[in-house]
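Not measured: the values here are computed from a predicted model. Counting starts at 1 for both ligands and their atoms, following the listed order. Values below: every heavy atom of this structure, side chains too, minus hydrogens, waters and symmetry copies.
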Amino acid sequence: MKFKPTALVIGAGIGGIATAARLAKNGFQVTVLEKNDKPGGRCNQILHDGHRFDTGPTLFLMPEVWQETFEALGEKLEDHLALKRIDPTYKVHFDDGLQIQLTSDIGEMQSQLEKVEKTAFSGFLRYITEGNKHYKISLEKFVGRNFYNIFQYFSLSNLPLIFQLKALSKHYSNVSKYFKDERLKAAFTFQNMYLGLSPYDAPATYSLLQYTELAEGVWYPMGGMYRGIESLTSIAEKLGVKFIYNSPVKTIRTERDRVIAVETTDGREYSADLFIGNADLPYIYKELLPASNEAEKLDKKKYTCSTIMFYWGVDKIYPQIAHHNVFLGGDYKASFDSIFESHALPEQPSFYIHAPVRTDPAAAPAGQDTIYVLIPVGHIDETRNQDWDALINRARQTVFERIEKDMGITDLKEHIKFEIMNTPITWKQKYNLEKGAAFGLSHNFWQVGYLRPRNRHSQFQNLYFTGASTHPGTGLPIVLLSARLTTERILKEMRAIISRKQDNPSFVISET
Ligand SMILES: Cc1cc2nc3c(=O)[nH]c(=O)nc-3n(C[C@H](O)[C@H](O)[C@H](O)COP(=O)(O)OP(=O)(O)OC[C@H]3O[C@@H](n4cnc5c(N)ncnc54)[C@H](O)[C@@H]3O)c2cc1C
């Protein structure tokens with residue numbers, strides 16, 4: 001007899017889409033319920049007046065992980081995405097006027113670094129070598145696998161690796177072993193912000209980020225990051241996945257140790273054999289599942305930062321602005337303390353500008369520009385008085401002043417045709433991100449690996465999770481790994497369940 005188990009996915013973020021597609025490829029009948037009117041979640045797109053903005057991710061990293069996803073779905077990445085390498089990766093602007101272009105061109109890096117600090121180039125080579133070691137070990141031994149119990153994670157064979165990965169050292173103090181100049185220390189740690197982490201709190205393991213960018217490359221899919229979402233969604237549909245949009249799940253209904261159904265806000269009920277939560281994990285525990293201690297514990301965990309985003313349609317092009325630009329505020333430590341301890345906007349905010357027209361002219365009407373600005377800010381904290389309107393105005397003003405100082409651009413304000421914003425409140429309301437934390441739960445030592453909320457609920461045995469706040473963590477390629485790991489776990493546990501099915505009549509598998 002042939003069984004076709006059914007699976008229901010809550011959320012069509014990249015984690016939900018990739019898990020749905022993998023399950024469908026493995027014979028499941030899959031339905032995805034998405035709150036909003038299109039897939040992608042944080043990796044979304046705004047189309048306005050001929051301008052195309054990616055709303056969240058702009059750095060396409062670890063292409064080999066994307067490649068593996070497409071292959072697992074029976075497709076080839078190159079048939080779907082035209083990737084272009086962006087090199088130099090960023091133009092980094094320091095508060096005192098210094099500019100560095102991070103690039104994979106070793107000779108160019110040498111001449112730039114030695115102008116700042118005589119011994120910096122040898123420090124750079126050692127640092128990137130360490131990043132390579134961290135990347136390889138992390139991917140193979142920690143990030144790219146499931147941990148089914150604490151003994152696997154803290155096994156005798158893993159313990160030496162925790163030290164090799166410098167998981168107990170802080171990233172900023174570790175980088176100080178390679179560079180003396182404060183600006184270089186900043187240039188090789190600010191990338192922690194992608195994980196929504198302060199380098200003063202992040203494990204030194206994350207030197208793997210700088211390695212990834214410079215050695216494996218920062219890429220851009222022509223047509224924008226959202227092409228990745230469109231491709232994966234169309235592949236999932238081809239495999240039979242049914243996407244239902246504008247359908248927020250209101251409640252997850254449970255009975256003893258199982259989820260039996262979900263109910264949407266319009267009163268519809270959906271049952272399935274398995275359920276996969278892709279919406280932010282702490283939100284699912286807090287808002288969709290029955291009240292539990294677990295939800296309270298999650299509330300006390302550390303969360304990543306949030307962001308204020310400006311999407312500007314501009315009627316002229318400023319050639320001074322590169323594809324990726326980073327502007328670092330003056331007091332590096334104080335700015336992270338402000339974001340991560342006070343949950344505020346630093347006195348001198350750092351920010352990032354994405355200008356895709358440099359690579360992809362179709363992102364704006366001819367002769368015009370599409371400008372995305374990301375300003376990291378503390379997440380929503382109800383115990384503090386956060387005046388978002390005032391913070392947003394100050395953030396906007398900082399951007400204008402800084403690009404005037406660093407780039408001589410004095411008239412941007414007059415050339416902005418329209419402004420669209422995303423704020424911590426938008427992240428929370430639109431995507432149900434707990435505390436508006438743009439990157440989900442934080443990734444300090446106590447919140448990674450087996451210590452991160454696991455990808456299966458401990459009580460409800462047929463409820464799994466995929467996405468940024470479960471194992472292994474945030475970032476598009478890492479969430480693609482999450483989709484692989486969750487699927488592997490489901491298949492492993494399903495096989496066991498199917499083989500025990502005769503003894504386990506409470507588990508219903510629908511027949512085709
Ligand atoms: C500003 C910003 C910049 C970033 N930059 C990068 C970058 O350059 N490179 C990179 O790799 N990563 C980057 N990231 C991180 C990356 O975007 C995320 O890690 C990834 O998109 C998370 O995907 P996900 O599937 O876990 O969650 P989400 O994208 O949050 O998807 C979850 C989905 O669930 C839906 N949902 C929520 N509640 C419900 C409900 N009740 N019922 C039904 N559906 C629901 C949401 O609408 C959403 O579609 C960035 C993120 C942000 C915010």
Side-chain angles (χ1 to χ4, degrees), residues 8-20 32-44 53-63 65-66 86 89-90 191 193-196 209 212-213 218-220 225-226 228-229 232-233 243-252 262-265 270 276-281 283-284 286-289 304-309 311 324 352 354 372-377 422-424 426-434 436-441 443 465-470 472-483 486:
L8 189 132
V9 182
I10 305 169
I14 190 163
I17 302 164
T19 308
V32 181
L33 295 175
E34 165 56 45
K35 168 182 185 286
N36 293 313
D37 61 1
K38 59 182 193 307
R42 283 165 260 190
C43 183
N44 228 295
F53 301 87
D54 284 309
T55 54
T58 55
L59 303 163
F60 189 101
L61 301 170
M62 301 167 71
V65 174
W66 288 81
I86 309 296
T89 53
Y90 307 91
Q191 297 83 349
M193 289 301 288
Y194 313 160
L195 299 174
L209 286 170
T212 316
E213 282 185 2
V218 171
W219 300 80
Y220 175 83
M225 298 293 285
Y226 198 66
I229 296 295
L232 289 173
T233 306
F243 288 85
I244 306 179
Y245 298 107
N246 299 308
S247 295
V249 170
K250 187 176 73 178
T251 317
I252 299 178
V262 301
E263 194 184 323
T264 50
T265 48
Y270 298 83
I276 298 104
N278 169 233
D280 200 24
L281 181 144
Y283 154 83
I284 293 183
K286 191 170 159 190
E287 305 290 344
L288 304 186
L289 282 167
T304 56
C305 62
S306 192
T307 61
I308 294 170
M309 315 287 305
Y311 308 105
H324 299 293
Y352 158 79
H354 182 230
Y372 152 132
V373 187
L374 181 163
I375 303 125
V377 64
N422 263 0
T423 68
T426 327
W427 292 123
K428 184 170 164 67
Q429 288 178 346
K430 192 149 187 199
Y431 302 110
N432 286 330
L433 299 180
E434 195 53 31
F439 308 88
L441 277 176
H443 302 78
F465 298 98
T466 183
S469 288
T470 183
T474 200
L476 298 174
I478 305 301
V479 174
L480 288 176
L481 285 174
S482 164
T486 302

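- Considering CZ of Phe439 and CG of Leu433, their distance stands at 10.5 Å, rounded to 0.5 Å.
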When you pair each N or O of ligand 1 with protein N or O atoms, which pairs come out under 3.5 Å?
| residue | atom | partner | partner atom | Å |
| --- | --- | --- | --- | --- |
| ligand 1 | 8 (O) | Thr58 | N | 3.1 |
| ligand 1 | 8 (O) | Leu59 | N | 2.9 |
| ligand 1 | 9 (N) | Leu59 | O | 3.1 |
| ligand 1 | 11 (O) | Leu476 | N | 2.8 |
| ligand 1 | 12 (N) | Leu476 | N | 3.4 |
| ligand 1 | 19 (O) | Thr474 | OG1 | 2.8 |
| ligand 1 | 19 (O) | Gly475 | N | 2.8 |
| ligand 1 | 25 (O) | Ile14 | N | 3.3 |
| ligand 1 | 25 (O) | Gly15 | N | 2.9 |
| ligand 1 | 25 (O) | Asn278 | ND2 | 2.9 |
| ligand 1 | 26 (O) | Ala468 | N | 2.8 |
| ligand 1 | 27 (O) | Arg42 | NH2 | 3.1 |
| ligand 1 | 29 (O) | Arg42 | N | 2.9 |
| ligand 1 | 30 (O) | Arg42 | NE | 2.8 |
| ligand 1 | 30 (O) | Arg42 | NH2 | 3.1 |
| ligand 1 | 38 (N) | Asn432 | ND2 | 2.9 |
| ligand 1 | 41 (N) | Val249 | O | 3.0 |
| ligand 1 | 41 (N) | Tyr283 | OH | 2.8 |
| ligand 1 | 42 (N) | Val249 | N | 2.8 |
| ligand 1 | 44 (N) | Lys35 | N | 3.1 |
| ligand 1 | 47 (O) | Glu34 | OE2 | 2.7 |
| ligand 1 | 47 (O) | Asn36 | ND2 | 3.1 |
| ligand 1 | 49 (O) | Glu34 | OE1 | 2.7 |
| ligand 1 | 49 (O) | Glu34 | OE2 | 3.2 |
| ligand 1 | 49 (O) | Gly41 | N | 3.4 |

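- Residues meeting the side chain to side chain contact (heavy atoms under 4.5 Å, CB included) test with Thr233, sequence neighbours left out: Ile17, Pro39, Ile229, Glu237, Phe243, Tyr245.
- Evaluation of the side chain to side chain donor-acceptor pair (under 3.5 Å) rule for Thr58 yields Tyr352 as partners, not counting sequence neighbours.
- A side chain to side chain contact (heavy atoms under 4.5 Å, CB included) with Ile10 is found for exactly one of Asn278, Leu33, Val262, Val32, namely Val262.
- With sequence neighbours left out, Trp427 forms a side chain to side chain donor-acceptor pair (under 3.5 Å) with Thr307.
- Side-chain contact check for Lys430 and Asn36: no donor-acceptor pair (N or O, by modelled atom type) lies under 3.5 Å.
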